[in-house]
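In listed order, ligands and their atoms are each counted from 1.
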Amino acid sequence: MSEEIIHHGLDGVVVDTTSVSKVMPEINSLVYRGYPVQELSEHCSFEEVAWLIWHGELPTAKELAGFMENGRNQRAISKELLEVIQKSPRTAHPMDVLRTAVSFLGSEDLEMDKTDATTNLKRSVSMMAKIPTIIAAFYRHRKGQEFIPSRSDLGFVENFFHMVFGKVPAPEVIKAFEVSMILYAEHGFNASTFTTRVIVSSLSDIYSGVVGGIASLKGPLHGGANEAVMHMLLEIGEPARAKDWMLAALRDKRVVMGFGHRVYKNGDSRVPTMKKYARKMAEFTGSKKWLDIEDTLEAVMLEQKNIHPNLDFPSGPAYYMMGFDIDMFTPFFVMARITGWTAHILEQNANNRLIRPLSKYTGAGERRVVPLKQRG
Ligand code: COA
């Protein structure tokens, strides 16, 4: 029998085709449906990009107006779901509450027997509309603050800030957050997206796929890294300490959060755009020190190991400067990635084959069962 080749971590394995996005590590580029993310970030709203990811084309003004009206009218969550959120322990991580809440949304769906693409796209729009409400509801609940209902006259990002803080911040803040949403929206067959595809490949439902995506994204090697980056910056504290901290981390062979990527080895295509907007946040808030620390960390890491930062490196401090609690950062990733996940679920459903890889057995050789009485 020929020797099996093991692709540990599925490194380098092409599992299927996709028309949603293309990651091009050789030229540090990423396109959604053919459009470079940098251009989408500068010229489009997150709602336009969501439409693009789902439909394959940028919307016309009329299509966008209809889409926005539809989404904005679905932001409210049921009284029962609000109660579930408000009964969650205040100490819970928001990702755990969000995972439960999306599962609850599935249980509220009265048409679960419908599995066609049109119904699943409607569910996707509904989840995109409701996830910010869920996140904001838990944010306020755990601070002992009253729930703020969504407003249908505000954009996606403006409404989110309104539900969290009770006010809409300056346009600079809105734009920086919106750019982060566009950059986080989609990224090929990453761990959480692949998880959603594996789940629905058994013909399980779209909510189950998204719940699995949230569970996968939570880990610090994936979405959880944006939180870990900010904890690291707080631990370092001052720019003057950054170089020694990094040298010690590398000497101790520690994994430094916000660096490295399975696919990009010469730099993450999304980093320059997010860095630009993180810098705008630093200018806006007058708080430069986090990015000064990052500049030193990045220079030392490049010099010592030639490893580049990933998107979580600039997004972490950007969110912190906007005034958010650190454990909210990964839920923000969900607010954006719900678009990519569901586009992949629709794609998987359209040309499904059960995802079922093989493994090479390395356990005990075949042996006989000794009955309990004789085992002593
Ligand atoms: N800090 C220190 N060393 C790192 C590193 C990091 N963040 N990322 C990679 N490396 C090193 C590895 O130790 C390994 O070194 P070695 O060859 O001397 O053993 C080498 O770079 C290759 O890394 P590898 O672990 O094979 O990469 P991977 O493709 O399996 O892992 C990540 C990719 C993203 C999981 C990894 O880079 C990581 O853990 N990064 C930190 C978490 C993070 O920021 N995640 C967000 C990703 S968008």
Mind running salt bridge (charged side-chain N to carboxylate O under 4.0 Å, His left out) on E366 and R368 for me, showing each step along the way?
CA-CA 7 Å; E366 191 170 336; R368 302 273 73 79; 3.4 Å; yes
Sequence neighbours excluded, every pair satisfying ring-ring contact (aromatic ring centres under 6.0 Å, His included) that has a member inside residues 12-46
F46-F156
Those residues with a heavy-atom separation under 4.0 Å from ligand 1 are P220, L221, H222, A225, R254, V255, V256, M257, G258, F259, G260, H261, R262, K265, M301, I307, N310, D312
Before accepting this row, confirm whether a basic side-chain N of the pair K280/E172 lies closer than 4.0 Å to the acidic partner's carboxylate O.
no
Cation-pi between R33 and W51: NZ/CZ under 6.0 Å from ring centre and within 45° of the ring axis?
no
Would K143 and Y139 count as a cation-pi pair here, with the cationic atom under 6.0 angstrom from the ring centre and within 45° of the axis?
yes
Is the number of heavy atoms from other residues, nucleotides or ligands under 6.0 Å of R375 CZ greater than 12?
yes
